[in-house]
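Shown next, in structure tokens, is the structure this report addresses.
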Amino acid sequence: MLIQTAHNKGSRVLLYSTDTKLEAITIIDYYKARFQIEFLFRDAKQHTGFTHCQSRKKEATHTHLNASLSAINVLKL
């Protein structure tokens, strides 16, 4: 169990993982990375036409994916 302190108050934070040998800070880092990736894909779908590719070719789909994710990274700068 992890105790989080904010505004001079302590609160419990429950962390769930199937790997019982991970430390709490590692689990927190994994969750942060996961949510950043989810936000990246959400923004790519909403703002850069990530879901508008109609090609069935693997290369064209990869190019569209890379262009969408690159555009969202440029927008964030």
Side-chain angles (χ1 to χ4, degrees):
M1 185 181 322
L2 183 67
I3 303 296
Q4 178 183 14
T5 56
H7 307 293
N8 295 328
K9 288 182 171 181
S11 62
R12 294 181 192 159
V13 178
L14 299 176
L15 303 172
Y16 295 96
S17 175
T18 55
D19 188 354
T20 57
K21 295 178 182 171
L22 287 178
E23 294 185 17
I25 195 69
T26 305
I27 296 172
I28 291 170
D29 289 341
Y30 286 166
Y31 271 98
K32 283 182 184 178
R34 176 182 165 223
F35 284 114
Q36 289 301 319
I37 292 168
E38 287 185 17
F39 291 146
L40 174 70
F41 278 98
R42 183 203 63 196
D43 291 345
K45 283 197 253 183
Q46 290 179 353
H47 303 297
T48 62
F50 179 67
T51 59
H52 298 298
C53 183
Q54 296 180 2
S55 178
R56 302 255 187 254
K57 293 182 180 178
K58 182 178 179 181
E59 294 81 16
T61 305
H62 282 204
T63 301
H64 186 78
L65 168 73
N66 287 329
S68 292
L69 294 178
S70 296
I72 205 70
N73 284 330
V74 169
L75 288 172
K76 288 189 181 229
L77 287 176

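What you see below is based on every heavy atom in this structure, not just the backbone, and it leaves out hydrogens, waters and symmetry mates.
- Of the inter-residue distances, the one linking T26 atom OG1 with K21 atom NZ reads 14.0 Å to the nearest 0.5 angstrom.
- The pair E38-R34 meets the salt-bridge criterion, with a side-chain N (NZ, NE, NH1 or NH2) lying under 4.0 Å from an Asp/Glu carboxylate O.
- Using a 4.5 Å cut-off on side-chain heavy atoms (C-beta onward), D19 and L22 make contact.
- Within the model, atoms CD of E23 and CD1 of I28 stand 11.0 Å from one another, a figure rounded to the nearest 0.5 Å.
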Donor-acceptor pairs under 3.5 Å, side chain of residues 64-76 to any protein atom, not counting sequence neighbours: which ones?
{"from": "H64", "atom 1": "NE2", "to": "G49", "atom 2": "O", "distance (Å)": "2.8"}
{"from": "N66", "atom 1": "ND2", "to": "H62", "atom 2": "O", "distance (Å)": "3.2"}
{"from": "S68", "atom 1": "OG", "to": "H64", "atom 2": "O", "distance (Å)": "3.1"}
{"from": "S70", "atom 1": "OG", "to": "N66", "atom 2": "O", "distance (Å)": "2.8"}
{"from": "N73", "atom 1": "ND2", "to": "L69", "atom 2": "O", "distance (Å)": "3.2"}
{"from": "K76", "atom 1": "NZ", "to": "D43", "atom 2": "OD2", "distance (Å)": "3.3"}

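- The stretch residues 10-43 participates, sequence neighbours left out, in these ring-ring contact (aromatic ring centres under 6.0 Å, His included) pairs: F41-F50.
- If you take NZ on K32 and CD1 on I25, they are separated by 6.5 Å, rounding to the nearest 0.5 Å.
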